[in-house]
Participant: 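This is the structure I want to talk about, given as structure tokens.
Letters A, B, ... mirror the listed sequences (proteins, then strands); counts begin at 1. All heavy atoms count here, side chains included; hydrogens, waters and symmetry mates do not.
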Protein chains: 2
Amino acid sequence: MTHTGFAQTASLIGDPSRAAMLLQLMDGRALPAGELARRARISPQTASAHLGKLVAGGLLALETHGRHRYYRLRGPEVAQALEGLLILSPPGPVRSLRESEERKALRFARTCYDHLAGRVGVRLAEQLTHRGWLTRLDAPSAAGKWELTPAGEEALAAFGLDIPALRRSRRSFARPCLDWMERRHHLAGALGAALTARLFELGWLRRHPSSRAVILTEAGRTGLHDAFGVSPDTDENGRES
Amino acid sequence: MTHTGFAQTASLIGDPSRAAMLLQLMDGRALPAGELARRARISPQTASAHLGKLVAGGLLALETHGRHRYYRLRGPEVAQALEGLLILSPPGPVRSLRESEERKALRFARTCYDHLAGRVGVRLAEQLTHRGWLTRLDAPSAAGKWELTPAGEEALAAFGLDIPALRRSRRSFARPCLDWMERRHHLAGALGAALTARLFELGWLRRHPSSRAVILTEAGRTGLHDAFGVSPDTDENGRES
DNA sequence: CAGTTATTTCCACTACGATCGAAGTATGCC
DNA sequence: GGCATACTTCGATCGTAGTGGAAATAACTG
């Protein structure tokens, strides 16, 4: 076994300060160094050293804007590897009402790298499939890929997405992403990201200022129901939850 | 974020000696402590300390047989998390002919936790689907699951698998597993494990003594071709490779 | 230009953890 | 019982990596 990088990558993630920063970036945003230092509760010098290592290790990408240096996860594989580790790690005990509320919000709707996850994300993917707009591909060479039907293509184009442009992107067009809390799949890939971006643009979703959770606005609640038949407040049996 | 275990789990994997032992167990086998120490090139005392931490951290399960203590990965989630990290880690440079041969063998056929991966595994999954024996489920609530068709159930029962018993197992019955070298899916879950076990039982596959690679025997080559239409020596365009 | 802010580099200090020798416990074998 | 084997616990050593203070660099601001 010559996977020299394997242990190195894991130990890179294994430092508490670095792990905290990586988790802050799980939603695919880019944050400046100072902000990451503040959130991880370490000094800027220390954060700088850590961020340098994370970039060198291929986990983060760096984008410089003036005197600010924005760091983001280098790609979806990084987010997926982190998710894999999250599944293994027992969620810490809830220590306050504040935390319990936050966890509930995360479970309801959050961003996963750059697409929508949580109950809302899962329901949306379900409804797209249920309406015959999205299908799993059957060709064995396309395993793990999703595809839009002609009807779905039309519907999402009408919703404001530039489907041909998305197909030209180098990313996988549409693929399932396992949700570690709901244990169901939601929509990832270029399509998932674009759809999520459109929901923010319409004001249907709003970012929570300090967590990965996203807020479903009133407009979003009615909009998602009318456009996609999504009712995230009831569980699969129709009961309120 | 209260994922206290997150960084801890990653740093558990991040130690080179522990990483080496974990990689040795990626195929789902159980190995005794001394053997793991030997393979990781560390003293038995050191290995003992590491193994204790891995068990405490929930990554390994321990089974005692007489004076031997066998360690194995605690479950498929662990294998999946490790795969996620493997994808991020660049394969080390090939330093010898020996290594190049081993890498070729790994790419051709290997075990991934307890099911078959590599080109042979991918081709087998493809052929099962192509023959209409295995399908992706369309119901949104069953995302990420595969299912046997009635024809497939009959065929695999005739091949010696006890399908009803597999359905009763607590594991997921059949699911896709992404192959990090082929970038395609192969068959995992209870069905994938049972099918793989049957291939070993028939002598179609043989374990390589010192690596995760498995050897496709002559009997296996003809058997897989006759029973499932698998021809792993040609690439998807039919060329020899 | 000076002054402020974002970030990095340099540099000790410190602490934690990997390592192995030595000794201890448990199992199996004759 | 006696002896070898498999593994663990204890204890001491040693290196390495995280940490923040001080100072340098670089960009924006007026």
Participant: Step by step, work out the salt bridge (Lys or Arg N to Asp or Glu O under 4.0 Å) result for Glu83(B) and Arg212(B).
Facilitator: CA-CA 14 Å; Glu83(B) 285 279 344; Arg212(B) 292 168 63 201; 3.8 Å; yes
Participant: Nearest-Å distance, CG (Leu51(A)) to P (dT9(C))?
Facilitator: 11 Å
Participant: Pro32(B) near the nucleic acid: base, sugar-phosphate alone, or nothing, with a heavy-atom cut-off under 4.0 Å?
Facilitator: sugar-phosphate
Participant: Touch check for Arg41(B), heavy atoms < 4.0 angstrom, all strands: base, sugar-phosphate only, or nothing?
Facilitator: nothing
Participant: Describe the nucleic acid contact of Tyr70(A) in one word from base, sugar-phosphate, nothing, applying a heavy-atom distance below 4.0 Å.
Facilitator: nothing
Participant: Between dT8(D), dG18(D), dG20(D), spot the one nearest the side chain of Ser43(A), thanks.
Facilitator: dG20(D)
Participant: Determine whether a donor-acceptor pair (one donor, one acceptor, N or O, separation below 3.5 Å) exists between the side chain of Thr46(A) and the base of dG18(D).
Facilitator: no
Participant: Using a 4.0 Å heavy-atom cut-off, does Arg38(A) contact any base of the nucleic acid, only the sugar-phosphate backbone, or nothing at all?
Facilitator: nothing
Participant: Are the charged groups of Glu101(B) and Arg98(B) less than 4.0 angstrom apart, N to O?
Facilitator: no
Participant: Arg69(A) side chain N/O closer than 4.0 Å to the phosphate oxygens (OP1, OP2) of dA26(D)?
Facilitator: no
Participant: Report yes if a side-chain nitrogen or oxygen of Ser17(B) is closer than 4.0 Å to either non-bridging phosphate oxygen (OP1 or OP2) of dA18(C); otherwise report no.
Facilitator: no
Participant: Can the ring centres of Phe228(A) and Trp204(A) be said to be less than 6.0 Å apart?
Facilitator: no
Participant: In whole angstrom, what separates Glu63(B)'s CD from dT27(C)'s P?
Facilitator: 16 Å
Participant: Please state how far atom CG in Leu62(A) lies from atom C1' in dT8(C), giving the value in whole angstrom units.
Facilitator: 12 Å
Participant: What is the minimum heavy-atom distance between Tyr70(B) and His65(B), and which atoms define it?
Facilitator: CD1-CD2, 3.7 Å
Participant: Write down the distance between NE2 (His50(A)) and C1' (dT16(D)), rounded to a whole number of angstrom.
Facilitator: 14 Å
Participant: Can you tell me how far C1' of dA18(C) sits from CD1 of Ile13(B), to the nearest Å?
Facilitator: 18 Å
Participant: Separation of Asp15(A) atom CG from dT16(D) atom P, in whole Å?
Facilitator: 17 Å
Participant: Taking CD from Glu35(B) and C1' from dT5(D), how many angstroms apart are they, rounded to a whole number?
Facilitator: 15 Å
Participant: Output the rounded distance in Å from CD1 (Ile42(B)) to P (dA18(C)).
Facilitator: 10 Å
Participant: Given that Gln45(A) and His68(B) both sit by DNA chain D, which one's nearest nucleotide is further toward the 5' end?
Facilitator: His68(B)
Participant: Is Lys53(B) near enough to dG17(C) that one of its side-chain N or O atoms lies under 4.0 angstrom from OP1 or OP2?
Facilitator: no
Participant: Spell out yes or no: do the side chain of Arg67(A) and the base of dT5(C) have one donor N/O and one acceptor N/O closer than 3.5 Å?
Facilitator: yes
Participant: Are Glu63(A) and Arg74(A) ion-paired here, with the side-chain N under 4.0 Å from a carboxylate O?
Facilitator: no
Participant: Both Ser11(A) and His65(A) contact DNA chain D. Taking the nearest nucleotide for each, which residue is further toward the 5' end?
Facilitator: Ser11(A)
